[in-house]
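A short write-up of the structure that comes next.
Residue numbering restarts at 1 for every chain, and letters A, B, ... go by the order of the sequence lines. Keep in mind the model is a prediction, meaning the values are calculated, not measured.
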There are 2 protein chains.
Amino acid sequence: MTQIESKSHQALKNILLHSAISVVEKEGFAGLNVRKLASMAGCAIGMVYKIFENMDDLAIHVNAATLELIDSRMAQPMAATDPKEAIHELAERYIDFSRRNFHLWSMLFEHRMERDLPEWFHASIARNFRHVEQALAPWTHGDPQAAALHAKVVWAALHGICSLSISGKLDTVGAQSASILARHMLENYMAGLEANSEGGRSPGADGNSTLQKG
Amino acid sequence: MTQIESKSHQALKNILLHSAISVVEKEGFAGLNVRKLASMAGCAIGMVYKIFENMDDLAIHVNAATLELIDSRMAQPMAATDPKEAIHELAERYIDFSRRNFHLWSMLFEHRMERDLPEWFHASIARNFRHVEQALAPWTHGDPQAAALHAKVVWAALHGICSLSISGKLDTVGAQSASILARHMLENYMAGLEANSEGGRSPGADGNSTLQKG
DNA sequence: CTCCGTTGTGAACGTTGTTCATGAGCTATG
DNA sequence: CATAGCTCATGAACAACGTTCACAACGGAG
């Protein structure tokens, strides 16, 4: 039951993972297969299945590595000092990543998994959201629930813009269309947040009362 | 070159398409294959390739049918009279569709095509956006460019919320989480639109001046 | 009936993910 | 050293896939 993970086991796991990432970067997930992977890593086909449960399991690990990559980009110190510009900067980084690492990024969302994702994967997603929550802090008045909510809304919205824009399903032409759309979205969303909090009632606190049980 | 499309040809095309839709509805795109399709339609494997270029071509046609389905849902007359509530209603319909027709809907976005999509497909997408533009009309002051822009922003954002929510990548639990997030997004975005237009300067008109050539 | 273009067929090919009987390598023991 | 026993690695083999294409069946014209 309890497998002894030898050093060579870990080493091969790293080689396989990095080979897989390199293939996906260049050709997308469709270009990845066991035989190519095994030959790149210099091992037999069966060995891949000793280390990863199956191709889906490998895909999850590639996706996890991509999440770490995004996290490292977002964790960099901000150039902007203005809180609003900091949000835009964060969004710009995300858009930039999705363009530079198109295949890795789209694999994160397009390749639907069979079974549900493991716990550590969700934790990695949550870690990414922390940066958004922090950048939104000036608007959430220290309310962690509001921060979590707005971070989800803003980031999901940004993701949608990225996703449709990059796959050409909004017929916006021009390289920076995603940036422009994202800027509009953020600009208006934040303005809405400010307008509502000035009125004394924040939608983050009671906005869902209108659709409770609906 | 110019194929004569016999009646039986069209009839079989319909049968194949509807069989494909029925399979995708139940099992998703992964459950679809030529042999199953041919046996359902009562024809030979090769016949499928006489009618559709390949599986990708068939997928595009299934996706087009899904777009028409969404369009027909959105074209229904609104129950709400208040313009803001009408937007929420439209969003609710989209979310509802994505949940009821999960496999068809996710195939629209997750199955990336090899070559770029045909013209009539983009036209079908544009037709869907018309409803959003119309619902947004009260905020765009008759400016068609602003309407197109805001429709894209709002709908892409909504789509992102739907997409991440439905695939469990936001760890929001509860059936209506997408609804709640969408409502927050729309509420704040519209509030932002109103706040900015009251100030005399609309972000739809000059908001991108800050990132031009950025 | 014969001819010939059109329409329909499914065996066959190449590639895929996955498995598992087989063998190679190592350690402990007599 | 020889042998047994155990772990680890191998790649041929299998099933299922998309796709092709030589061929059969049809059906109207001569």
Side-chain angles (χ1 to χ4, degrees), chain A residues 1-17 19-24 26-63 103 107 110-115 117, chain B residues 1-24 26-63 103 107 110-115:
Chain A
M1 275 299 163
T2 52
Q3 286 282 27
I4 300 161
E5 300 203 350
S6 67
K7 278 177 189 172
S8 67
H9 183 99
Q10 260 303 333
L12 185 52
K13 183 167 186 171
N14 282 337
I15 293 175
L16 282 172
L17 188 56
S19 302
I21 291 171
S22 144
V23 170
V24 173
K26 290 168 200 149
E27 314 171 43
F29 182 64
L32 189 67
N33 64 65
V34 219
R35 276 163 250 266
K36 189 189 289 182
L37 205 56
S39 98
M40 284 175 79
C43 72
I45 294 171
M47 220 30 221
V48 178
Y49 288 88
K50 286 261 181 344
I51 289 173
F52 296 102
E53 209 171 311
N54 49 30
M55 277 281 127
D56 233 64
D57 186 34
L58 174 62
I60 291 179
H61 282 80
V62 170
N63 280 343
H103 284 304
M107 182 174 157
E110 284 174 10
H111 180 69
R112 193 167 297 282
M113 304 297 162
E114 302 293 318
R115 37 96 180 279
L117 300 161
Chain B
M1 273 300 165
T2 53
Q3 286 282 27
I4 299 161
E5 299 201 349
S6 68
K7 279 177 188 170
S8 66
H9 183 100
Q10 260 304 334
L12 184 53
K13 183 167 185 170
N14 282 338
I15 294 174
L16 283 171
L17 188 55
H18 285 101
S19 302
I21 291 171
S22 143
V23 171
V24 173
K26 290 167 200 149
E27 313 171 43
F29 182 65
L32 187 66
N33 65 66
V34 219
R35 276 163 251 264
K36 189 188 289 181
L37 205 55
S39 97
M40 285 174 80
C43 72
I45 294 171
M47 219 35 219
V48 178
Y49 287 88
K50 287 259 181 343
I51 290 172
F52 296 102
E53 210 172 311
N54 49 31
M55 276 282 127
D56 233 63
D57 186 35
L58 174 62
I60 291 178
H61 282 80
V62 171
N63 281 343
H103 284 304
M107 181 173 157
E110 283 173 12
H111 180 67
R112 192 168 298 278
M113 305 297 162
E114 302 294 316
R115 33 91 181 283

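For K13(B) and dT7(C), the NZ to C1' distance is 17 Å, given to the nearest whole Å. Rounded to a whole Å, the NE2 atom of H9(A) is 9 Å from the P atom of dA9(D). What separates CD1 of I51(B) from C1' of dT7(C) is a distance of 11 Å, to the nearest Å. A straight line from CZ of F29(A) to C1' of dG17(C) spans 11 Å, rounded to a whole angstrom. With rounding to whole Å, K50(A) atom NZ is found 11 Å from dC20(C) atom P. Taking atom NZ of K36(A) as the reference point, atom C1' of dT15(C) lies 12 Å away to the nearest angstrom. Whole-Å rounding puts the M47(B) CE to dT7(C) C1' distance at 6 Å.
The side-chain contact (heavy atoms from CB on, under 4.5 Å) test applied to H61(A) returns K13(A), L17(A), F52(A), D57(A), W120(A), not counting sequence neighbours. Qualifying side-chain contact (heavy atoms from CB on, under 4.5 Å) partners for S39(B), counting only residues two or more places apart in sequence or in other chains: none.
Between H103(B) and V24(B), the shortest heavy-atom distance links the atoms CB-O, 2.9 Å. Across L12(A) and M47(A), no two heavy atoms sit closer than the pair CD2-CG, 3.6 Å.
Comparing the axis of the opening five pairs of the helix from dC1(C)-dG30(D) to dG30(C)-dC1(D) with that of the closing five pairs yields an angle of 40°, rounded to 10°.
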Can I get a per-line list of side-chain donor-acceptor pairs under 3.5 Å for residues 27-34 of chain A, giving both atom names and the distance, sequence neighbours left out?
unit_1: E27(A); atom_1: OE1; unit_2: K36(A); atom_2: NZ; d: 3.1
unit_1: E27(A); atom_1: OE2; unit_2: K36(A); atom_2: NZ; d: 3.4
unit_1: N33(A); atom_1: OD1; unit_2: R35(A); atom_2: N; d: 3.2
unit_1: N33(A); atom_1: OD1; unit_2: K36(A); atom_2: N; d: 2.9

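Within the 4.5 Å cutoff, side-chain heavy atoms of V23(A) are placed close to those of M40(A).
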N/O contacts under 3.5 Å, protein versus nucleotides 15-20 of chain D?
unit_1: dC17(D); atom_1: OP1; unit_2: N33(B); atom_2: ND2; d: 3.0
unit_1: dG18(D); atom_1: OP2; unit_2: V34(B); atom_2: N; d: 3.1
unit_1: dG18(D); atom_1: N7; unit_2: R35(B); atom_2: NH2; d: 2.5
unit_1: dG18(D); atom_1: O6; unit_2: R35(B); atom_2: NH2; d: 2.9
unit_1: dT19(D); atom_1: OP2; unit_2: Y49(B); atom_2: OH; d: 3.0
unit_1: dT19(D); atom_1: OP2; unit_2: M55(B); atom_2: N; d: 3.0

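Under the 3.5 Å distance criterion, the side-chain polar atoms of S22(B) are left unmatched by any main-chain donor or acceptor of H18(B).
Legend: salt bridge (Lys or Arg N to Asp or Glu O under 4.0 Å) pairs involving residues 14-23 of chain B, not counting sequence neighbours: none detected.
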